[in-house]
Structures are given as C-alpha cells and as structure tokens.
Amino acid sequence: METHTREHRSLLAIVERRLLIAIANRLPSWVTSDQLTLLGLLSMVAAGLAFASLQLSWVNLAAFILALGANWFGDSLDGTVARVRRQPRPRYGYYVDHIIDLFGTAVLVGGMAASELMTPNVALVLLAAYFLVSAETFLATHTVGVFRLSFAAIGPTELRILLAIGAVAVFLHPVSDIGGQRYLLLDVSGVIAAMGLVAAFLLSSLRNTRALYRAEPLPHHDVGRAA
C-alpha cells in the first residue's frame, strides 16, 4: 500500500491517464509490468546512443524520437498495468522506477555531451540540477507524503515532447547567434533548463520546509516556570 499521494498536474495528465488505462486494459496478459519497466530502461539507453551520433544522419534523429516514444510507453505504462491488474508493488515499483530514471537521464545527458552538440561543462551542470530536483522530490515524498510528478504544468511526457522538438531544432540549426556571439543551441537550451530546474528545486524546498515547520514547530518552554 502506498504511503504517499501522487500529484500530477501537467498539461496532458488527464488525457494521458485515460489513454494509459485504455492501453493497459487491452494489453495481452503475457505483457508484464516488469517487461515494460525493462523497455523503459533499454529505450532510454537507445535514446542516449542515438543522440550521441545525432548530427551524423537524420536516421539517428528518427531513432532518438522513436526511443523517446518507446520510453514513454514502457515508463508510463508499467505502473498503470500493475494497478489495473491489481498487482501493486509500491515500494519495489517506486524504487526501481526512480533508479532507472536517474540512470536513464545520466545516459541521455551523456549522449548529449558525446554528440559535441553540448559542451561537457553544460551537460554536468544540467545533470547536477536534475539530480537536485530528483533528490528533493524523493525527500518530499517521504516527509511530506506527496509525490509531485510535474512542475509548472510540465511533467515527464511534456518533457519528452520538448526533447523531441529540441532534437529536431538542434539537428537543423546546431548553432545559435546571440548578441553577435555564436553558441551551441543545445548549450543555450541546457543552461536555461538548468536554471529552471534550480528554480524548481528552490521553490519546492522552501514550500516543503515551510509546511514541515508548521507541522512540527519548536515546542514553547516556560523558562521561568521550569526554574
């Protein structure tokens, strides 16, 4: 039994939930939630490898987008299948799902750095910012009891869509001209994304710290009476 509530308020959350339930009800019984989890992992590795060679051919771009689609299918559907079939494993699912997400994100950002479309320093900053948000989310789930899957109406699915659009843009125009200076477009996007992640980390940290302080205020001691 889950000890936390899931809060998903992204733009596509309602439509996506209905779609996932419909797909889960129609999947053959031999397709298990564990198989879908494995698909989510392997597809993220494939996405990282495809991005590493993105600029070589449009085929790699197509492979990257297809890998993102496969990742959505596996990562979004595994938990839904378990719930629809009444086979919940909340602790196992929560742990494995997020270990895979962390690993998959590291592989994807590594692929961006390897592609030479993003400098390694920007990739490290972006990955560090993502890990900050992830750590705060995991801590908040344990202490506040709310697992937030989205921020500013952007959730995992919306993020995949943005990644696909960004990959097309970078493939077509890898360099951006800003103020007379030329920068890698993915570097610019990475810095903006890192700033957004850090902002999300700070806002969520302040909100949860305030909530926890109100729930557990310092006890008031009467010093004079105690003496």
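Numbers here are sequence positions counted from 1.
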Self-check item: Residue pairs involving residues 184-196 (criterion side-chain hydrogen bond (donor to acceptor under 3.5 Å, both in side chains); sequence neighbours excluded)
Solution: T119-D187
Quiz item: In terms of hydrophobic clustering (I, L, V, M, F, W, Y; side-chain heavy atoms under 4.5 Å; direct or indirect links), are L132 and M195 co-clustered?
Solution: yes
Quiz prompt | Crowding at CZ, R85 (>12 non-hydrogen neighbours, <6.0 Å) | solution = yes
Practice problem: Could you tell me whether the side chain of I192 reaches within less than 4.5 Å of the side chain of V188, counting heavy atoms only? | Solution: yes
Self-check item: Flag side-chain contact, heavy atom, 4.5 Å: D34 against Y92
Solution: yes
Self-check item: Verify same cluster id: L61, L172 (apolar side-chain graph, 4.5 Å)
Solution: yes
Quiz prompt | From L197 atom CG to L127 atom CG, the distance as rounded to the nearest 0.5 Å | solution = 10.5 Å
Exercise. Taking all non-hydrogen atoms of both residues into account, name the closest pair between A164 and I65 and its distance.
Key: CB-CG1, 4.2 Å
Exercise. To the nearest 0.5 Å, tell me how far T80 OG1 sits from I23 CD1.
Key: 9.0 Å
Quiz item: Considering all heavy atoms of both residues, which atom of V84 and which atom of A24 are nearest to each other, and what is their separation?
Solution: CG2-CB, 4.0 Å
Practice problem: For the pair D97 and R89, find out whether any cationic side-chain nitrogen is under 4.0 Å from an anionic carboxylate oxygen. | Solution: no
Quiz item: With A70, which residues qualify under side chain to side chain contact (heavy atoms under 4.5 Å, CB included), at least two apart?
Solution: L39, S43
Self-check item: Selection residues 166-205 - residue pairs positive for ring pair (Phe, Tyr, Trp, His ring centres under 6.0 Å), sequence neighbours left out
Solution: none
Quiz prompt | pair I161-L12: side-chain heavy atoms closer than 4.5 Å | solution = yes
Quiz item: Which atoms form the tightest heavy-atom contact between L20 and L77, and what is the distance?
Solution: O-CD1, 3.5 Å
Practice problem: Might you point out which heavy atoms bring A113 and P120 nearest each other, and give the distance in Å? | Solution: CB-CA, 4.4 Å
Quiz item: Can you find a pair of side-chain heavy atoms, one from N71 and one from L41, that are under 4.5 Å apart?
Solution: no
Quiz prompt | Nearest atoms (heavy-atom pairs only) where S33 meets V81 | solution = N-CG1, 4.3 Å
Quiz item: Between M44 and V107, is any pair of side-chain heavy atoms under 4.5 Å apart?
Solution: no
Quiz item: Under a 4.5 Å cut-off applied to non-hydrogen side-chain atoms, are D101 and S134 in contact?
Solution: no
Self-check item: Separation between CG of D177 and CG of L185, rounded to the nearest 0.5 Å
Solution: 12.0 Å
Quiz item: What do you reckon, is CD of Q35 surrounded by more than 12 foreign heavy atoms closer than 6.0 Å?
Solution: yes
Quiz prompt | Pairing residues for S10 by the side chain to side chain contact (heavy atoms under 4.5 Å, CB included) criterion, not counting sequence neighbours | solution = H8, A13, S150, E158
Quiz item: Between M118 and F51, is any pair of side-chain heavy atoms under 4.5 Å apart?
Solution: no
Quiz prompt | Shared hydrophobic cluster for L56 and V59 (ILVMFWY, side-chain gaps under 4.5 Å) | solution = no
Practice problem: For atom CD1 of I14, decide whether the heavy atoms of other residues, nucleotides or ligands shown that lie under 6.0 angstrom number more than 12. | Solution: no
Exercise. Compute the ring centroids of H98 and Y94, then answer whether they are less than 6.0 Å apart.
Key: yes
Exercise. Using the rule that two of Ile, Leu, Val, Met, Phe, Trp, Tyr join whenever any of their side-chain heavy atoms come within less than 4.5 Å, decide whether I100 and V133 are in one cluster.
Key: no
Quiz item: Taking all atoms of both residues into account, what is the closest heavy-atom pair of T157 and S76, and its distance?
Solution: OG1-OG, 4.4 Å
Quiz item: Which residue pairs pass the side-chain hydrogen bond (donor to acceptor under 3.5 Å, both in side chains) test with at least one member in residues 19-31, sequence neighbours excluded?
Solution: none
Quiz item: With sequence neighbours excluded, what pairs up with R207 under the side chain to side chain contact (heavy atoms under 4.5 Å, CB included) test?
Solution: R148, S204
Quiz item: So do the side chains of V125 and V191 get within less than 4.5 Å of each other, counting heavy atoms only?
Solution: no
